[in-house]
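For reference, the structure discussed in these notes is given below.
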Amino acid sequence: VVINCRSLSLQFQHVQEMFRIFVTEAETELETRQFFDFLTKQNTQARTRDRLHLLDEKLRFQVFTKIMCNEESMNCVHLNNQAYDCFHTLFLGVNNQEANVVLDQQDGTMTQVNNFSQLQGINTMWKIAIHCQEESVKEKCRNILCDLYLLTQTKNTRQKLSIQEAFVKQ
C-alpha cells in the first residue's frame with residue numbers, strides 16, 4: 001500500500017520502522033530479502049532521473065548514513081551477501097548523487113572517484129572488509145576498496161601518495 005499510494009510520502013521514520021520489523025526482528029530471510037530489494041528498487045521505465053529510485057535522494061542518503069552505516073543497526077560482523085549487496089548499491093547511489101564517484105550510465109559500475117575524502121560509508125566499508133565473518137562478503141568489499149583507491153582521480157602527486165599511504169595503513 002505504501003509503495004503504490006502516490007499521495008503518501010515515504011519518510012525516514014517509516015523506513016526505520018520497516019528496517020526494525022523486516023531486518024532486526026525478521027522471522028524469515030524472505031522478509032529481509034524483500035526489504036533490501038525495496039531499498040534498492042529502480043523504476044526502469046522512469047521518465048526522469050528523479051523517479052528512477054523508489055527512495056528519493058534525501059531519503060536514500062538518510063537510510064544509507066543513519067541505518068546502513070550505523071553499527072547498532074547493521075552488524076558488520078554478521079553481514080550476509082544480500083545485505084552487503086544492498087549496502088554496496090546504496091553506497092554507489094549516494095556517492096554518485098554527492099558527486100564523489102562517477103558511474104557508467106550503461107551498467108552502473110564505478111568509473112571514477114572524484115572526492116575520496118568525502119566518500120560516504122567508507123569507514124563502514126573498511127569495517128566490513130576487516131571484521132565480516134562471511135568470506136565472500138569480505139572479498140567483494142576488499143575488491144571495491146581497491147577499485148576506490150585505483151579510480152581516485154587527482155593530479156596532485158602528494159595527494160595521490162597520501163591516499164596510497166592511507167590505504168596501506170587501513
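Given the structure is predicted, the values throughout are model-derived calculations rather than measurements. Along the sequence shown, residues are numbered consecutively beginning with 1.
Taking F36 as the reference, nothing meets the ring pair (Phe, Tyr, Trp, His ring centres under 6.0 Å) condition, with sequence neighbours excluded. Residues that satisfy the side chain to side chain donor-acceptor pair (under 3.5 Å) test with E134, not counting sequence neighbours, are S136. With sequence neighbours excluded, the residues that form a side chain to side chain donor-acceptor pair (under 3.5 Å) with Q11 are S9.
Side chains of L39 and V15 form a contact here, defined as non-hydrogen atoms less than 4.5 Å apart. Put simply, the side chain of F38 reaches to within 4.5 Å of the side chain of F35, judged on heavy atoms. Counting heavy atoms from C-beta on, the side chains of M125 and F87 come closer than 4.5 Å. Between T124 and M74, every side-chain heavy-atom pair lies at or beyond the 4.5 Å cut-off.
Q120 contributes atom CD, which lies 13.0 Å from atom CG of N96 (distance to the nearest 0.5 angstrom). I128 CD1 to F91 CZ: the interatomic distance, rounded to the nearest 0.5 Å, is 10.0 Å. Here I122 contributes atom CD1 and L148 contributes atom CG; the two are 5.0 Å apart, rounded to the nearest 0.5 Å. A distance of 9.0 Å separates CH2 of W126 from CZ of R142, quoted to the nearest 0.5 Å.
Counting only residues at least two apart or on different chains, the side-chain hydrogen bond (donor to acceptor under 3.5 Å, both in side chains) pairs with a member in residues 22-39 are R20-E25. Residue pairs satisfying the salt bridge (Lys or Arg N to Asp or Glu O under 4.0 Å) criterion with at least one member in residues 85-104, sequence neighbours excluded, are listed as follows: D85-K140. For the side-chain hydrogen bond (donor to acceptor under 3.5 Å, both in side chains) condition, the pairs that include at least one residue of residues 65-77, sequence neighbours left out, are E71-K127.
Nearest approach of L90 to R60, heavy atoms of both residues: CD2-CG, 3.7 Å. Across C69 and G121, no two heavy atoms sit closer than the pair SG-CA, 3.6 Å. Closest approach of L92 to V101, counting heavy atoms only: O-CG2, 4.0 Å. The minimum heavy-atom distance between C132 and L79, with the atom names listed, is SG-O, 3.4 Å.
A donor-acceptor pair is defined here as one N or O able to donate and one able to accept, closer than 3.5 Å; such a pair exists between the side chain of T111 and the backbone of V102. For Q97 (side chain) and E57 (main-chain N/O), a donor-acceptor pair under 3.5 Å exists by modelled atom type.
There is a path of hydrophobic side-chain contacts, each under 4.5 Å, that joins I21 to M68. Each of V77 and V137 belongs to its own hydrophobic cluster when Ile, Leu, Val, Met, Phe, Trp and Tyr are linked at side-chain heavy-atom distances under 4.5 angstrom.
Ring geometry for Y149 versus F116: interplanar angle of 30 to 60°, hence tilted.
Of the candidates N115, V94, V113, N115 is the only one forming a side-chain contact (heavy atoms from CB on, under 4.5 Å) with N100.
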